[in-house]
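These numbers come from the heavy atoms of this one structure, side chains and all, not from hydrogens, waters or symmetry mates.
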Amino acid sequence: MKFIFYLFSIFCCLCSCAQSQNISGRPDAVRIGAQFARNSTIGRVAAVAVLAAVNDINNDSNILPGTKLDLHMHDSSCNRFLGIVQALQFMEKDTVAIIGPLSSTTAHVLSHLANELHVPLMSFSATDPTLSSLEYPFFVRTTVSDQFQMTAVADLVEYYGWKQVTTIFVDNDYGRNAISSLGDELSKRRSKILYKAPFRPGASNNEIADVLIKVAMMESRVIILHANPDSGLVVFQQALKLGMVSNGYAWIATDWLTSYLDPSVHLDIGLLSTMQGVLTLRHHTENTRRKSMLSSKWSELLKEDSGHSRFLLSTYGLYAYDTVWMLAHALDAFFNSGGNISFSPDPKLNEISGRGLNLEALSVFDGGQLLLEKIHQVDFLGATGPVKFDSGGNLIQPAYDIVSIVGSGLRTVGYWSNYSGLSVISPETLYKKPANRTRETQKLHDVIWPGETINKPRGWVFPNNGNEIKIGVPDRVSYRQFVSVDSETGMVRGLCIDVFVAAINLLAYPVPYRFVPFGNNRENPSYSELINKIITDDFDAVVGDVAIVTNRTKVVDFTQPYVSSGLVVLTSVKRQNSGGWAFLQPFTIKMWTVTGLFFLIIGTVVWMLEHRINDEFRGPPAKQLITVFWFSFSTLFFAHREDTRSTLGRFVIIIWLFVVLIIQSSYTASLTSILTVQQLTSPITGIDSLITSDVPIGFQVGSFAENYLAQELGVAHSRLKALGSPEEYKKALDLGPSKGGVAAIVDERPYIELFLYQNPKFAVVGSEFTKSGWGFAFPRDSPLSVDLSTAILELSENGDLQRIHDKWLASDMSSMSQASELDQDPDRLDVYSFSALFLICGLACIFALAIHACNLFYQYSRHAAEEDPAALQPSASDGSRSLSRRSKLQSFLSFADRREADIRRAAKEKAAGLGGSGGSMSGVSFTSSGSGSTTASC
């Protein structure tokens, strides 16, 4: 026992010596650098937080035992060049890590230096999303990337239903790259940035005012502001002067605004008055123990940091505090893994030394790669919440507060997290539940928008600062029921105009507009040129009988169609006489053949079923043949006088009479239609026959039919003839192709229906070979086209659209046009239409014949056994076998031809004769002979 205790004591001593050796192997101090800009809000807060973190770590024996953090700080005063020089000074003095810089622009430059010298660059405020760990592995972002902030902004835009936004941003790496990320996120949600308004860093008030004037001329009223605090505040001041922070506008400022306002002890009421109703974001941090401790001693920390005014702790201060703790945990793991603080000369710098620059003083941190790995592996609960990196080098659980500026303060209206999207519940609560980003769960509290209204801004106005929009209308000279312009008063009226006005009146907001006629008042204008006026910004919209076709939808947006349309073929027709053989037209030749064949089949089947039991189906062969024909065709008129006695025969007749009833009714209806309805004929049967011919084709002036025929269908331009009015239509069709007219006209159905109403002697041949409609045209991505589409659907549902149609077009026009349509090849009744009936009837016949045959064979087998039992025995010789087969066949046919009653009577007589013989052999032989003679006599 004493021996075991002795060994245990030795083991403890060895462990103690090893531990003391490990701790003693650590340096007494580790040099770290920190770069701030004390003249900035973030820099002032971060400097105090970093000093507090270093002091807490150096006084905590549980972290870095035996080693102190030796912090060296530089103030760059927001000067990018000075920040680069200060970073080089850090590298000259064997610094293992640098906390900073504040600026994303400076971080881009210093990241190249950090990559070369293997010194981790840990920034708590450089949020540029392009500062990725792939390109800059030694750049460590210890705050949330703007990639997530722009995702939150895009979710806000989608939540409020806005489709277009305007962005105002500072034109540097911080601003450009964040707005580029916002554009990507908006496109995922089928929204977009309508206009980008950059301004240079340090822009003057006048320069920013000029940018805002351009923004005010844009259609979008949703403005995303991503800037630095100094320039961002100027934007709001100038926007207020221009009336841009008012009713109808929606402003979303990124987290730069809360980073400026949160540290303020007393908010400036005058400053807040410039941004009333603005939404902004703030980094969301959990209420942790370290956060509470740091907040409670913040006032004392400010006293130690003499020479500066009072300010409050902000989220960037918390991230700066956690950054120092992150480095401390990484250094602790670095030393535990056997890491040493050592530096080596950079051979690349030695090649260019001695040229006036002290580059040989810069050295590579040998343990930089190991320290970087330990930084990415940290996992602890900091002042902001859980501190841990994901595989992409970003902090886990990125989240923001959604803040509204109202009155004299800030009000949190919700939260955004990458886990659950928008919510009124804090993210740390939602982390405990399964992720749910359905539309129903995305919620925010009510917001008071600019103009002190709780009504969500529409998000857009008409271009030119909401002035009345110019709407182009075609100045038609024909078919003026659809749209017309009074040459004297300039008044625009018609079906299309009434639909537009009715739809505009249904919108929830006023739309100032002005109709501008397009055309020369001599012929219909070109609708392609009219659409191009939208592209060239001559018109803000086009209202009229504009067909929605493919090439137009590529350049403009259309509303929901309010009139159905499509191209049809109009041609001259001649009346077709019925003729003396019209009674044969209802059925095709095949139908006549199959019907006649079934009459004969039914007659034959009934004869076979009735022949043995019905005297009306017996007699000489000629009489029976006549009976079959007579019975078959008399069923057509239900005039058959032969009675059917067998059950199977009646079954077949019932089914056949039902088939005859259907055929007879169909024939009567078709023949009535042929003899009473006017039949028209034309050599043109449709668009296919028109294309294959070489006859001239007419089209309406200005219509898309010309390009469609030439480009899509390959019709030669020499065959196409422009026609400008219904009178020209009529004249060209009357003349025909031989006298300088046209054989047919291709035009849209609404025009053709109006023409046929006044000229019923013409007709539409074939079917409508394109499907389209008429709609109102707007510039691409115009929100007004979406709202008007909804209004048109409402007009259709409440019946107003039909009432407008009836007001301008004759109520009986549709029936007139339908009567004028020519079916060049009317459908005749074919076998296919009755195939199911014929199939049922055929199966019934087969079923009845099968049962009849089985019954007949059964009766014959019994009869043969009673007549001659020896005949059923097999014969010995082939000759006798062949003779036996012929005799059996003759016997079976003779049996099948005999009346069933006669066979039964003979069987009864035979049975009676056998009973009278007393059972003697001679008597049996006589009776059999007698029976045979009796059978022969029958």
| field | Test: Asp781 and Lys163 ion pair at under 4.0 Å | value | no
| query | Distance from His226 atom NE2 to Ile168 atom CD1, nearest 0.5 Å? | reply | 13.0 Å
| field | Check ion pair Lys761-Asp734 (N to O, under 4.0 angstrom) | value | yes
| task | Inspect the contact between Arg493 and Asp486 and indicate whether a charged nitrogen and a carboxylate oxygen are less than 4.0 angstrom apart. | result | no
| If you measure only the distance, is there a donor-acceptor pair under 3.5 Å linking the side chains of Ser478 and Asn524? | yes
| field | Glu185/Lys188 salt bridge by N-O under 4.0 Å criterion | value | yes
| message | Atom NZ of residue position Lys731 - does it have more than 12 heavy atoms of other residues, nucleotides or ligands inside 6.0 Å? | response | no
| query | If you draw a 6.0 Å radius around NZ in Lys443, do more than 12 non-hydrogen atoms from other residues or ligands fall strictly inside? | reply | no
| field | Under 3.5 Å: donor-acceptor pair, side chain of Ser703, backbone of Gln700 | value | no
| message | Between Trp449 and Asn455, does the side-chain hydrogen bond (donor to acceptor under 3.5 Å, both in side chains) criterion hold? Intermediate values first, please. | response | CA-CA 7 Å; Trp449 300 98; Asn455 296 324; over 6 Å; no
| request: Give the intermediate values and the outcome of side-chain hydrogen bond (donor to acceptor under 3.5 Å, both in side chains) for residues Tyr513 and Asp540. | output: CA-CA 9 Å; Tyr513 60 88; Asp540 299 314; over 6 Å; no
| said: For Asn532 and Glu529: C-alpha separation, side-chain torsions, deciding distance, then whether side-chain hydrogen bond (donor to acceptor under 3.5 Å, both in side chains) applies. | reply: CA-CA 5 Å; Asn532 288 334; Glu529 294 180 6; over 6 Å; no
| Ring center gap for Phe699 and Tyr708 short of 6.0 angstrom | no
| task | Return the orientation label for the Phe518 and Phe539 ring planes: parallel under 30°, perpendicular over 60°, tilted otherwise. | result | perpendicular
| query | Are the aromatic ring centres of Trp774 and Phe482 under 6.0 angstrom apart? | reply | yes
| field | Minimum heavy-atom distance between Phe776 and Cys496, given as atom pair plus value | value | CZ-O, 3.7 Å
| NZ or CZ of Arg552 within 45° of Phe558 ring axis and under 6.0 Å | no
| query | Above 12 or not: heavy atoms from other molecules or residues under 6.0 Å from CG of Asn520? | reply | yes
| field | Verdict with supporting geometry, Glu748 and Ser565, side-chain hydrogen bond (donor to acceptor under 3.5 Å, both in side chains) | value | CA-CA 6 Å; Glu748 296 180 72; Ser565 180; 2.8 Å; yes
| query | Salt bridge check: are Asp545 and Arg476 linked by an N-O gap of less than 4.0 Å? | reply | yes
| Close side-chain approach of Val165 to Leu194, heavy-atom, < 4.5 Å | no
| message | Any salt bridge linking Asp498 with Lys807? Criterion: basic side-chain nitrogen under 4.0 Å from a carboxylate oxygen. | response | yes
| Charged N-O contact under 4.0 Å between Asp806 and Arg803 | no
| said: For Asp446, is the CG atom crowded, meaning more than 12 foreign heavy atoms sit under 6.0 Å from it? | reply: no
| query | Quick one: are the ring centres of Phe762 and Tyr729 less than 6.0 Å apart? | reply | no
| task | Kindly say whether the aromatic ring centers of Tyr159 and Trp416 come within a distance under 6.0 Å. | result | no
